[in-house]
Structures are given as structure tokens and as C-alpha cells.
> 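Take this structure first; my questions come after.
Sequence lines set the chain letters: A, B, ... in the order given, protein chains first and strands last, and positions in each chain run from 1.
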Amino acid sequence: MIKHALNAHRADDFAGWYQELIAQADLAEESGVRGCMVIKPWGYGIWERIQKLMDAQIKAAGVDNCYFPLFIPLSFFEKEADHVDGFAKEMAVVTHHRLVSDGEGRLIPDPAAKLEEPLVVRPTSETVIGAAMARWVQSWRNLPLKVNQWANVVRWEMRTRMFLRTSEFLWQEGHTAHTDEAGAMAEMLRALEMYRAFAEGPLAMPVIAGEKPENERFPGAVATYSIEAMMQDGKALQAGTSHYLGTSFAEAAGIKYQDKDGGQQHCHTTSWGVSTRLIGGVIMVHGDDDGLRCPPQIAPHQIIIIPMLREKDADEDQAVLDYAKALKAQLARPLAFGEPVRVLLDVGAEKASNKRWSWVKKGAPIIIEIGPRDVAEGKLAVIRRDQMYKDDGKLAVTFPEKNAFAGEAAALLENIQAALHSEATARLHSNIHRDISDLEEFYAENRKYPGWAEMQWARPTGAALDKIVEQLKALKLTMRNAPIDAAAADGVCFFTGAPAVERILIGRAY
RNA sequence: CGGGGAGUGGCGCAGUCUGGUAGCGCAUCUGGUUUGGGACCAGAGGGCCGCGGGUUCGAAUCCUGUCUCCCCGACCA
């Protein structure tokens, strides 16, 4: 019987496990403000890694970073009808610009300082960026125009969960304008592929890229594509989206250009984003009953060195420290994933055993402990976080030679990254079912983690689609996306019996 | 936003029904004994009992309002 670091276990209480992991791994905590969280150093460090790696890819694609205001005039939202419908219900509105005392020791918004036009806290920036694009774009020579911003956004969610759905979250939103549909679609697909590769690479999180059905589209979009990841409870998590917005936002904001023939045309625009929700995905894909297993590429520290200082013999402790420092210098030299290895020498005053378990819970990929005996033998004790236990349930500690280990550490990190990815990939594929003849029966079974169903369908619209959505809802199911690289349809629609045109993934979702 | 549950030292909880000196485990600090895999013994420190109002001689406990969190639902790029 293994004594795990977390009290809640995935198999018994997935939601409780998720929350305990976030607390124990020091990723985030409650803030006292509904739906808003404090992201702590280890959690924010993961986000910074995500930002750094993705920002480089965004720039490489010729997209420039900008910053647009947090406050958006209310009237901007009234211009695009579908967009209004999509976001009106969840917007934070600023109506005053001054506080005054009410005479009883409390502060209230000053009735005399009411804003002429309320400002909304951005839930997304299509409208304000569209207004800027309208100023910036004159001719076809200005196109394509591609900008991105890293920002926070606010959506007044009814039910929140840390990282997965918070009222305020951090994200990246790319916005582009093009002369024609082909250019915009190409950009939308480029962003989708960037997200797919990013999830599979740095996050070691396998995903399925595909198009969202009509009812799941972004408000105002012509087409919405997503990457969907499978959590360890079999639920889907939409981990990134990319939208082709047609010309409706350009029409609403007046983004026009003069074409080669001298005529005025509306631009075709796109938007695409990923958020701190990715961290929730990483937790639910890679976490285990001892905490997070952080993929090395996004781990703020990849290797932790814990010196076993016994505070009895100063010379002995100094020797251990010197040895540990030398090891740190040695480990930081090689490149893993094309970057210097990130090594932390944990010299804090905490007990060594506490340090070890704290790094286990945080999911540091490699944890090294060094004691006097290691110094004498030129060795070290290594715990590989993704494979912590031996078959007998004991910690799988290895004792390699120091110099040999230093030479192999970078490769070991890459190996851990690959192992996490392949473990998750095997789980994803073995839980997508293509032979389901009766959805109700399949999902009504008392199977805890039924996974997803991939069904052929005719892609109906309107009332026919609504009926399917209702039918699925009764089983707590949603359509996730129509995978881009699914096999071609060769049968009839599971729902309507009409000739199928594509395949669609169905599952429970966050 | 509807239904249910909860908020008490850093963490996990008991105490609330039946009002009467705020407790336990872990963690922390000190001393001692240990020392290669989540040490042991002894002692100590730490609490506007979420917040406001009320009832009472007296409130963690009863009443009331409110905030926050969790679960189910509705909603949801």
C-alpha cells in the first residue's frame, strides 16, 4: 500500500483530487473575490513558460504584439448582434469613476460621478481591436494585418473552477484581418495547428483538432475550430480555439480597404486564443495521486537538488553544499529542448524530507538528493517524478555516478517529456470509441470514464441540429468537434440516417 | 441564477442539536535522542470561531442579513 502525497485520489473523487492538487502543489489559491484566484509562483511560473514558448511562435508567424485597453465602451458591443447575445449575460460593467463617504463610514459610488457611457471590462477584444483595425487599414497594401495581445479578460461566470473557468483569466488573443476568405481561413488554420503542436509538444498533452459544430461556435463567428484534450476522468477540455469571423466584425467596426481595382471591400477577420485553462488541462492530463507531474518543457525548475544538511557537522554540511553547487553548475550547461537546463538548489531551512515531498507535489521532473555518502562515493540519489514507484510500491530511487548523470540529464528530461506524452496519447486513443450503436446504453452504463464517441453524421443545421443537441444533453453529452484528420465519412448519419458527410466527437466536457 | 452542503490556529477536522473558560491531529518553535529515504520523546507558541445586526447575564453554538467556497442543475469563448 503506497502512501500517496494527496489525500484525495483520482479514482474516488476526481473533483476533490483536482482541488487538493492545486492547493498542495502551490499553484493557486482563493482570493476572496468570487471566481477570481491568486496564481502563486509555481503556477505563474508554468504560465510564464507557456507564454515564453508560445510568444516566440506567434512572433515567428509574423504576428506583432500590442496592448489594447481593459475598458471597452458599451456601444462597441452593440454593433455585432450575435456577439452581443453571446456575451451580454456575463459582462462586468463600470458605471462610476469616484467613491464618496455615505456619512456612516462606508464608501459608495458617487452618484455625481456616473459615467455618461458605461464601460465594460473586456470579455474578449474583437470589438476594440476591430475599431483600431478600422483606423489602421486603408488599402490592400496594409493587409494582412496581424496582432496579438497577452491580457486578462473577465466573464461573469455562474459556476467557476480554478484554471478551468474563472471570472478573470489570463490569455493570449490573436486578431488578424485579410483581403479575402482564403487568406483568413489559412491564418485561422495556422493558429489551430500552432495550438495543436504546442499542446502535443511543450504540454505533452495530446489533442484532437477539428471544427466545432454550428451550435458551439464563438458568438458572431462563421467557423470555430478547437483543440480538444481528454482528461483522466474521460471528459473533454476545449484547450484552444481559432475562429474565422467572415466579414461581420469588419462590417460592424468598419474595417475596409481599397482593392486593386479602386473599390472598397470589407476585410475578412480571424481571432484565436489559449488561456490559463491550459494549466487545468495539464493538471488533469498528467497529475497523479502524488500531485502534479509537470512536463519538463513548462516546468519552472526542471531539476531540484536537495542537500541533506544535518546541522551537526559544519564541515560535512559544507562538503555536501559544495558538491551540490558543483553539480548545479554542471547540470546547467547542457541544453534540453534547445534551452539551458533549469536547475534549482533548494537550500531552504526546511527539513529535507519535507522539501522532497513538496517538490513531488509540485511535479518537478527530476528531484536529486545529496548526502555525505554521495559526496564520498561521487554519486547522487535521483527520483524521476513521472515514474516514482517500483513494482513493490517503494520509491524508485537510483544512485548514478555524478558525472555520468550530468552527461545524461538533458536527455533524461527529454525522455520524461516524451514518456508523459506517450502515456497520455495511449489513454486518449484507447478511449475514443467508433463502434457505438447505442449512445444511451453506452453512456448510461455505470462506467466511470466512458471517454468519447466518434460518430458519422450529416451535419444538420437549424431545428434538426437543435434536436440532436437536446438528445445529447439528456445524456450530459456535447459535441466536441469534427476532427480534421478523421477518416472520410462512408456511412449514414447516426442521428438522422441521411448520408454522412463527416465524423464528430461526442463526450462529456468541462 | 435555482437546489443542497460548508466556512473554527498554516492544513485537515471535532465542538453547534441541548448557549456557560475554544479543543484534537498534522505542520511550526525549543530542548534532547536519532540520521539514506515522509524519525522519536518532552515542552511551547499560534485562534476578530467568514463578516454585520439581533436575542441573552452570557453566543462558535439561537435568530437574521450578507460574503466566499464545494456538489448537482441551468448557463457557458
> Regarding A/His83, tell me which of base, sugar-phosphate or nothing describes its non-hydrogen contacts under 4.0 Å with the strands shown.
nothing
> Could you give the distance separating B/G47 and B/C71 at their P atoms, to the nearest angstrom?
32 Å
> Is there a salt bridge (Lys or Arg N to Asp or Glu O under 4.0 Å) between A/Arg190 and A/Glu193? Walk through the geometry before answering.
CA-CA 5 Å; A/Arg190 181 206 63 76; A/Glu193 170 56 19; over 6 Å; no
> Once you apply a heavy-atom cut-off of 4.0 Å, does A/Gln238 come out as touching a base, just sugar-phosphate, or nothing?
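A/Gln238: base contact, heavy atoms under 4.0 Å.
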> When you measure from the side-chain N and O atoms of A/Lys89 to the phosphate of B/C1, is any distance below 4.0 Å, counting only OP1 and OP2?
no
> Counting only side-chain N and O atoms of A/Ser31, is one of them less than 4.0 Å from OP1 or OP2 of B/U68?
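The answer is no; no side-chain N or O of A/Ser31 sits under 4.0 Å from OP1 or OP2.
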> Just checking A/Thr224: base, sugar-phosphate only, or nothing, at a heavy-atom cut-off of under 4.0 Å?
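No contact.
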> Report which part of the nucleic acid A/Arg373 touches: base, sugar-phosphate, or nothing (heavy-atom distance under 4.0 Å, all strands).
base
> Distance check, P atoms only: B/U16 and B/G50, in whole angstrom units.
15 Å
> Could you tell me whether the side chains of A/Glu80 and A/Ser248 share a donor-acceptor contact shorter than 3.5 Å?
yes
> Using a heavy-atom cut-off of 4.0 Å across all strands, would you classify A/Ala352 as base, sugar-phosphate, or nothing?
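Answer is nothing: A/Ala352 stays at 4.0 Å or more from every strand.
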> Do the side-chain N or O atoms of A/Lys351 get closer than 4.0 angstrom to the phosphate oxygens (OP1, OP2) of B/C29?
no
> Mind checking whether A/Phe249 and A/Phe218 have parallel, tilted or perpendicular rings, split at 30° and 60°?
parallel
> Start at the 5' end of RNA chain B and walk down; is the nucleotide closest to A/Trp171 or to A/Arg310 reached first?
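The residue closer to the strand's 5' end, by nearest nucleotide, is A/Arg310.
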> Counting heavy atoms from C-beta on, name the nucleotide in B/C76, B/C71, B/C70 closest to the side chain of A/Arg159.
B/C71
> Tell me the partner of B/G73, counting only Watson-Crick (N1-N3 plus N6-O4 or O6-N4) or G-U wobble (N1-O2 and O6-N3) with both under 3.5 Å; none if nothing fits.
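The answer is B/C1, by the H-bond criterion.
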> Would you indicate what A/Gly371 reaches in the nucleic acid, counting non-hydrogen atoms under 4.0 angstrom: base, sugar-phosphate, or nothing?
base
> Under 4.0 Å, counting only non-hydrogen atoms across every strand here, what does A/Gly35 touch: a base, just sugar-phosphate, or nothing?
sugar-phosphate
> Could you tell me how far apart A/Met162 (CE) and B/U68 (C1') are, to the nearest whole angstrom?
11 Å
> Quick check on B/C75: is either OP1 or OP2 less than 4.0 Å from any side-chain nitrogen or oxygen of A/Arg165?
no
> Looking at A/Asp26 and A/Lys40, is there a salt bridge between them, counting it only when a charged N and a carboxylate O are closer than 4.0 Å?
yes
> Whole angstroms only, please: what is the CD-P distance between A/Glu20 and B/C26?
18 Å
> Pairing check on B/U56: which nucleotide meets the Watson-Crick or G-U wobble criteria with it, both distances under 3.5 Å?
none
> With a 4.0 Å cut-off on heavy atoms, is A/Phe169 in touch with a base, just the backbone sugar-phosphate, or nothing at all?
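Touches a base.
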> Identify which nucleotide among B/C1, B/C76, B/C70 has an atom closest to any side-chain atom of A/Glu30, counting heavy atoms from C-beta outward.
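Side chain of A/Glu30 sits closest to B/C70.
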> Nearest whole angstrom, please: distance from the C1' of B/C76 to the CG of A/Leu164.
13 Å
> Below 4.0 angstrom from OP1 or OP2 of B/U28, is there any side-chain N or O of A/Asn354?
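Answer yes for this pair, as a side-chain N or O of A/Asn354 is under 4.0 Å from OP1 or OP2.
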> In whole angstroms, how far is the C1' atom of B/G5 from the CD atom of A/Gln19?
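So the two atoms are 13 Å apart, to the nearest Å.
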> Measure the distance from CD on A/Glu29 to P on B/G7 and round it to the nearest whole Å.
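Distance, rounded to whole Å: 20 Å.
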> Taking a pair as Watson-Crick or G-U wobble with both distances under 3.5 Å, which nucleotide is matched to B/G38?
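WC or wobble partner does not exist here.
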> With a 4.0 Å cut-off on N to O distance, would you call A/Lys361 and A/Glu20 a salt bridge?
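Not counted as a salt bridge, because no side-chain N and carboxylate O are separated by less than 4.0 Å.
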> Considering only the P atoms, how many Å lie between B/G43 and B/C24, rounded to the nearest integer?
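Here B/G43 and B/C24 have their P atoms 12 Å from each other.
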> Quickly work out the A/Arg34 CZ to B/C51 P distance and round it to whole Å.
21 Å
> Under the 3.5 angstrom rule, does the side chain of A/Lys212 hit a backbone N or O of A/Ala223 as a donor-acceptor pair?
no
> Check whether the side chains of A/Ser271 and A/Glu126 place a donor and an acceptor atom closer than 3.5 Å, and report yes or no.
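There is such a pair between these side chains.
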> What's the gap between B/C41 and B/G5 when it is taken at their P atoms, as a whole Å value?
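My reading of the P atoms in B/C41 and B/G5 gives 41 Å.
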> With sugar-phosphate meaning primed atoms plus P, OP1 and OP2, does A/Ala381 contact a base, only sugar-phosphate, or nothing at under 4.0 Å between heavy atoms?
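Here A/Ala381 touches the bases of the nucleic acid.
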> What's the gap between B/G2 and B/A14 when it is taken at their C1' atoms, as a whole Å value?
32 Å
> At under 4.0 Å between heavy atoms, what does A/Pro372 touch on the DNA or RNA strands: base, sugar-phosphate, or nothing?
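Base: the residue A/Pro372, judged by heavy atoms under 4.0 Å, touches a nucleobase.
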> Go nucleotide by nucleotide along RNA chain B from the 5' end; which of A/Asn7 and A/Asp374 gets its closest nucleotide reached first?
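Here A/Asn7 is the residue nearer the 5' end.
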> Between B/U61 and B/U55, how far is it from one P atom to the other, in whole Å?
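Result for the P pair: 15 Å, nearest Å.
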> Tell me the partner of B/A6, counting only Watson-Crick (N1-N3 plus N6-O4 or O6-N4) or G-U wobble (N1-O2 and O6-N3) with both under 3.5 Å; none if nothing fits.
B/U68
> Take atom CZ of A/Arg356 and atom P of B/G38, then tell me their distance rounded to the nearest Å.
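After rounding, the reported distance stands at 6 Å.
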> Which part of the nucleic acid, if any, lies within contact of A/Tyr510, taking any heavy atom under 4.0 Å across all strands shown: a base, the sugar-phosphate backbone alone, or nothing?
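Nothing, no heavy atom under 4.0 Å.
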> Choose from B/A74, B/A39, B/C71 the nucleotide whose nearest atom is closest to any side-chain atom of A/Ser353.
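Nucleotide nearest to A/Ser353's side chain: B/A39.
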> A/Lys476 side chain: which of B/C72, B/C1, B/C70 is closest?
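Closest of the options to the side chain of A/Lys476: B/C72.
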> Under 6.0 Å from the ring centre and within 45 degrees of the ring axis: does the NZ or CZ of A/Lys379 meet both conditions for the six-membered ring of A/Phe399?
no
> Choose from B/C75, B/C70, B/G38 the nucleotide whose nearest atom is closest to any side-chain atom of A/Lys3.
B/G38
> When you compare B/C13 with B/A22, how far apart are their C1' atoms, in angstrom units rounded to a whole number?
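Straight-line distance between the two C1' atoms is 14 Å.
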> NA contact type, A/Lys473, heavy-atom cut-off 4.0 Å: base, sugar-phosphate, or nothing?
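Counting heavy atoms under 4.0 Å across all strands, the contact made by A/Lys473 is with sugar-phosphate only.
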> C1' atom, B/C51 versus B/A6: distance in rounded Å?
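B/C51 and B/A6 have their C1' atoms separated by 16 Å.
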> Between atom NZ in A/Lys355 and atom P in B/G36, what is the gap in whole Å?
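After rounding, the gap between these two atoms is 17 Å.
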> On the nucleotide B/C70, are OP1 or OP2 found under 4.0 Å from the side-chain N or O atoms that A/Arg161 carries?
no
> May I ask you to say whether A/Arg122 pairs ionically with A/Glu173, meaning some side-chain N is under 4.0 Å from a carboxylate O?
no
> Given that both distances must come in under 3.5 Å, which nucleotide forms a Watson-Crick or G-U wobble pair with B/C48?
none
> What is the ring orientation for A/Phe77 with A/His83, classed by angle as parallel under 30°, tilted 30 to 60°, or perpendicular over 60°?
parallel
> In the strands shown, is B/G25 matched to any nucleotide by a Watson-Crick or G-U wobble pair with both distances under 3.5 Å, and which?
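Checking every strand shown, B/G25 finds its partner in B/C11, with both distances under 3.5 Å.
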> By nearest atom, which of the nucleotides B/G38, B/A74, B/C76 is closest to the A/Trp357 side chain?
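For the A/Trp357 side chain, the nearest candidate turns out to be B/G38.
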